[in-house]
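What follows is a set of notes on a single structure, which appears directly below.
Start at 1 with the first residue, then count along the sequence. Order of appearance sets the numbers: ligands from 1, and atoms from 1 within every ligand. Both backbone and side-chain heavy atoms feed into the values below; hydrogens, waters and symmetry mates do not.
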Amino acid sequence: MAEHKARKRFGQNFLQDTRIINDIVDAVRPEPDDVVIEIGPGLAAITEPLARNLKQLHVVEIDRDIIARLKRLPFAGKLVIHEGDVLQLDFRSIPGMKKIVGNLPYNISTPLLFELVEVADEVVDMHFMLQKEVVERMVAEPKTNDYGRLSVVLQYYFEMEKILDVPPESFDPAPKVDSAVIRMIPNSGRIGVADDFAQLSRLLQHAFQQRRKTLRNNLKQWVSDEDFAAVGIEPTLRAEHVAPEQYVQLSNHLLRQGVAID
Ligand SMILES: C[S@@+](CC[C@H](N)C(=O)[O-])C[C@H]1O[C@@H](n2cnc3c(N)ncnc32)[C@H](O)[C@@H]1O
């Protein structure tokens with residue numbers, strides 16, 4: 001097939017290290033009947049070995065030239081191609097419990113991860129290649145600099161484990177930063193526990209807005225000392241000192257009080 005010139009605006013860094021590709025496919029462990037969705041198949045580095053073990057593989061791709069290439073692959077008959085922006089995809093329109101995988105375009109990884117929380121009840125597991133720095137934020141413990149909105153939300157809903165470090169030279173073109181692969185498994189006991197995910201998300205945005213300020217200061221528009229007391233949070237703490245489950249309790253408590261955070 002003709003050369004494809006990597007497009008920066010679509011975050012195209014193509015995997016070329018067979019060992020890493022095999023490690024990702026081994027981690028996904030595709031069984032023939034699994035419903036697997038690959039985000040951003042690109043030049044099919046992961047797609048091809050994944051499809052080998054599957055009856056069908058869903059792929060989501062935005063780049064029209066790449067979509068045309070995908071349609072010409074020898075195993076194209078196994079692919080269900082969702083053309084367009086993955087941020088617009090309704091994951092629930094694909095029936096079944098899903099395994100989701102992707103070497104993600106780094107510019108959309110954070111909004112995508114937040115969207116995936118909302119379909120966690122239909123997910124078996126997810127494996128993503130991300131910027132290493134993002135993976136470190138996802139798994140960060142409270143009371144560390146990396147702990148923030150992403151860590152709170154994702155740690156609440158998923159068990160997460162970094163399974164692989166990936167250096168820049170594993171890609172073509174090589175990105176400027178290190179990467180890592182993370183495994184995310186929904187924590188079934190917690191799905192749907194936040195009564196309103198958008199409210200939780202906005203609460204966290206404000207709580208972490210000025211990290212050096214206390215929670216009382218950052219949230220004073222919406223949260224009274226009585227509200228903090230009702231869920232056992234000390235209002236003089238900074239956002240990074242509060243555990244994920246306490247934020248969910250606070251968000252639910254505010255909803256019950258009729259407080260909408262904007
Ligand atoms: C980092 S490359 C990975 C390609 C391939 N999976 C690999 O590992 O070599 C990201 C892929 O996602 C696609 N992509 C970028 N933005 C996208 C979006 N918003 N929706 C769907 N696909 C997107 C790119 O065109 C590219 O194919």
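Every atom of ligand 1 is numbered from 1 in the order shown, and the set under 4.0 Å from a heavy atom of N13 is 1 (C), 2 (S), 3 (C). Against a heavy-atom cut-off of under 4.0 Å, G84 is close to the following atoms of ligand 1: 20 (N), 21 (C).
Closest heavy-atom approach to atom 3 (C) of ligand 1 within the set I108, I39, N103: this belongs to N103. The option from I62, I46, V59 that lies nearest to atom 22 (N) of ligand 1, judged by heavy atoms, is I62.
Counting heavy atoms from C-beta outward, D178 and P168 have side chains that approach closer than 4.5 Å.
Under 4.0 angstrom from ligand 1, there are no non-hydrogen atoms of R7.
Where the criterion is an N or O separation shorter than 3.5 Å, residue side chain and backbone included, D63 fails it with respect to ligand 1. Ligand 1 has an N or O atom lying under 3.5 Å from an N or O atom of L15, backbone or side chain. Annotation: G11 places no N or O atom under 3.5 Å from an N or O atom of ligand 1; distance criterion only. Considering backbone and side-chain N/O of G40, one or more are found under 3.5 Å from N/O of ligand 1. Of the polar atoms of G42, at least one N or O is found under 3.5 Å from an N or O of ligand 1, judged by distance alone.
Using bins of under 30°, 30° to 60° and over 60° for the plane-to-plane angle, the ring pair F208/Y147 lands in the perpendicular bin. Using cut-offs of 30° and 60° on the angle between ring planes, the pair F14 and H4 is perpendicular.
No donor-acceptor pair under 3.5 Å is formed between the side chain of R216 and the backbone N or O of F228.
Ligand 1 has no atom lying under 4.0 Å from any heavy atom of L43. Within the 4.0 Å heavy-atom shell around ligand 1 one finds E38.
The two residues H206 and D262 make their nearest non-hydrogen contact at NE2-O, 2.7 Å.
In this structure, D225 CG and K220 NZ are separated by 12.5 Å, a value rounded to the nearest 0.5 Å.
Under 4.0 Å is where a charged nitrogen must lie from a carboxylate oxygen, and between K132 and D165 at least one such pair does.
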